[in-house]
Number of protein chains: 2
Amino acid sequence: MTKPVLILVEPQLVENIGMTARAMMNCGLEELRIVDPRDPWPLHDELQQRMDAASSGADAVLKSAKIFETVPAALADLNYVYATTARSRDMTSRTMTPRAAIPDMIGRIKAEHKVGVMFGRERTGLVNDHIVLANARITIPLNPEFSSLNLAQAVLLIGYEWYQAQDVTPDSRIHTGSSRPATREEYLNFFGRLESELETAGFFVAEDMRPGMVRSLQNTLQRAEMTEQEIRTWHGVLSALISGPHRKKASP
Amino acid sequence: MTKPVLILVEPQLVENIGMTARAMMNCGLEELRIVDPRDPWPLHDELQQRMDAASSGADAVLKSAKIFETVPAALADLNYVYATTARSRDMTSRTMTPRAAIPDMIGRIKAEHKVGVMFGRERTGLVNDHIVLANARITIPLNPEFSSLNLAQAVLLIGYEWYQAQDVTPDSRIHTGSSRPATREEYLNFFGRLESELETAGFFVAEDMRPGMVRSLQNTLQRAEMTEQEIRTWHGVLSALISGPHRKKASP
């Protein structure tokens, strides 16, 4: 699937361009356009180094970045453009959250339209003359009393939503390392042995309390979603406790 | 609702602590705990200034931040702890995406459990001895070929998901500034006038094409979801075009 183009308008600090490239690469985005950066392009050596350092290795994005003199030139080939804005402004427009904008964007991309997301300069953001060149606005819902976001962080949040929309990671999973989740039989074998050893040890003082107590122990360990390896380890724990020197010492 | 506590383990750079505070405040989070920071606390003046500058005004979070010597001490009063990790490790544990972890977290908070999210030091992340002190892990799905995230950016993404879960901003809305969306009647009045003026101007060369042409014009403008103010402006545009000096000049 084609990916959205990101357009930075008049970025002032090369560090922010570098961090933008990093955030883009974190999120699998590749095409960066830069309109009228404060420092003339190509950058002289020291600025280039500062930008590269801030990008933490996202060179591929920086190397293929294209520089434009004006916003209309940077948007010329795009079919649909989103403008990111922090505040609402007195201009009629469709405004979306990032989470709603991404499915909208994906729908357009699947229809083979070329889409872009435009970010304004640090501190001031996009001016109305640039916003009006976009089809819709994206405003990130954040603490209204403290919503100022670094340029690269705004890029990261849009990119994050883009990446999540394609991502297939299960919401929640048990990572079991090199082992596998224990089977019911493995669990029940362990509980059976534990119960029998506890009986031998005189743990069940009142017989009528026993079923509830056993259920409670089972419940604890089942909630832990143990692996086959862990069950074996707990068998070892049990063997050690019933036969080890500690126990022999404790009950002379 | 109580909010999650954020715990930074062994942060190395005061700038990252400052940026973390900023990201927290962006997302309405307040309680920060710091375990064994590289620079001794309280910071000497120059480091304090660098941290404050990076926080962009999120002083409230920094001022109330608490310092701990060990991870167990920092987690002592918490009922449930999430550890953020970049890679999967050979240790069995529940791993969630941020998007799945937040509802889980909110459920626990509503049950009046105190929850925290732990972040490891820059570059290395959390070590296994710290991860095992948590109940579950959060891994942010990102480009597997370039997933290294700045500490404050990881905090921002978790905080962003937290904020979105509480936020009531409509997914998509038409921001109409000081005006209101036009009514059907206002639209139809304008179309009626436009059609009649176009007829006068001889726009409809073939009568059988007329209904389709009128529908197409209506469709364009209705899709724009105009405000009452914009309808009035377009009435003005129409008036100007039919009577202005430009037209008089163009048809001598």
Side-chain angles (χ1 to χ4, degrees), chain A residues 19 22-23 25-29 56-58 60 88-101 103-104 136-137 139-143 145-150 152-153 156-157 159-161 163-164 167-179 181 224-227 229-230, chain B residues 19 22-23 25-29 56-58 60 88-101 103-104 136-137 139-143 145-150 152-153 156-157 159-161 163-164 167-179 181 224-227 229-230:
Chain A
M19 288 195 292
R22 178 183 186 178
M25 205 146 167
N26 282 148
C27 304
L29 295 172
S56 295
S88 49
R89 289 159 189 265
D90 196 27
M91 188 164 58
T92 302
S93 62
R94 173 167 296 284
T95 304
M96 292 182 236
T97 63
R99 196 154 297 171
D104 180 80
R137 288 173 6 193
T139 297
I140 304 174
L142 286 173
N143 180 3
E145 278 147 43
F146 195 86
S147 63
S148 119
L149 212 53
N150 169 278
Q153 285 179 316
L156 177 69
L157 291 179
Y160 169 77
E161 287 286 359
Y163 195 87
Q164 301 319 301
D167 185 61
V168 294
T169 307
D171 286 352
S172 175
R173 62 197 185 282
I174 292 288
H175 172 76
T176 56
S178 52
S179 186
E225 301 186 49
M226 294 161 83
T227 63
Q229 172 61 57
E230 287 172 328
Chain B
M19 288 195 292
R22 179 183 185 178
M25 205 147 167
N26 281 148
C27 304
L29 295 172
S56 295
S88 47
R89 289 158 190 267
D90 195 28
M91 188 165 58
T92 301
S93 63
R94 172 166 296 286
T95 304
M96 293 182 234
T97 63
R99 195 155 297 171
D104 181 79
R137 289 173 8 192
T139 297
I140 304 173
L142 286 173
N143 180 2
E145 280 148 42
F146 194 86
S147 62
S148 118
L149 212 53
N150 168 279
Q153 285 179 315
L156 176 69
L157 291 179
Y160 168 77
E161 287 286 1
Y163 194 87
Q164 301 319 299
D167 185 62
V168 294
T169 307
D171 286 353
S172 175
R173 63 199 183 282
I174 292 288
H175 172 75
T176 56
S178 52
S179 187
E225 301 186 49
M226 294 161 84
T227 63
Q229 172 62 56
E230 286 172 327

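Lettering follows sequence order; numbering is per chain, from 1. Atom set for the values below is all heavy atoms of this structure, side chains included, hydrogens, waters and symmetry mates excluded.
Among all heavy-atom pairs drawn from A/Leu157 and B/Tyr160, the shortest one is CD2-CG, 3.6 Å. Here the shortest heavy-atom pairing between B/Leu156 and A/Gln153 reads CD2-CB, 3.6 Å. Heavy atoms only, all atoms of each residue included: A/Phe146 and B/Arg22 are closest at CE2-O, 3.5 Å.
Heavy-atom distances place both the backbone and the side chain of A/Asn150 under 4.5 Å from chain B. Of the atoms belonging to B/Leu29, not a single heavy atom falls under 4.5 Å from chain A. Of the atoms belonging to A/Pro170, it is backbone heavy atoms, and not side-chain ones, that fall under 4.5 Å from chain B. Contact annotation for A/Glu230: only side-chain heavy atoms (C-beta onward) come within less than 4.5 Å of a heavy atom of chain B. In this structure, chain A has a heavy atom under 4.5 Å from the backbone of B/Ser147, while its side chain stays farther away.
Using modelled atom types, one side-chain atom of B/Asn26 and one backbone atom of A/Ser148 make a donor-acceptor pair closer than 3.5 Å.
Every residue two or more places apart in sequence or in another chain that forms a side chain to side chain contact (heavy atoms under 4.5 Å, CB included) with A/Thr97 is listed here: A/Arg99, A/Ala100, A/Pro141, B/Thr169, B/Asp171. The side chain to side chain contact (heavy atoms under 4.5 Å, CB included) check on A/Ser172 picks up B/Arg94, B/Met96, with sequence neighbours excluded.
Taking chain B as the reference chain and counting heavy-atom pairs below 4.5 Å, the highest number among A/Ala224, A/Ser93, A/Ala101 is found for A/Ser93.
Atom CG in B/Leu142 sits 5.5 Å away from atom SG in A/Cys27 (nearest 0.5 Å).
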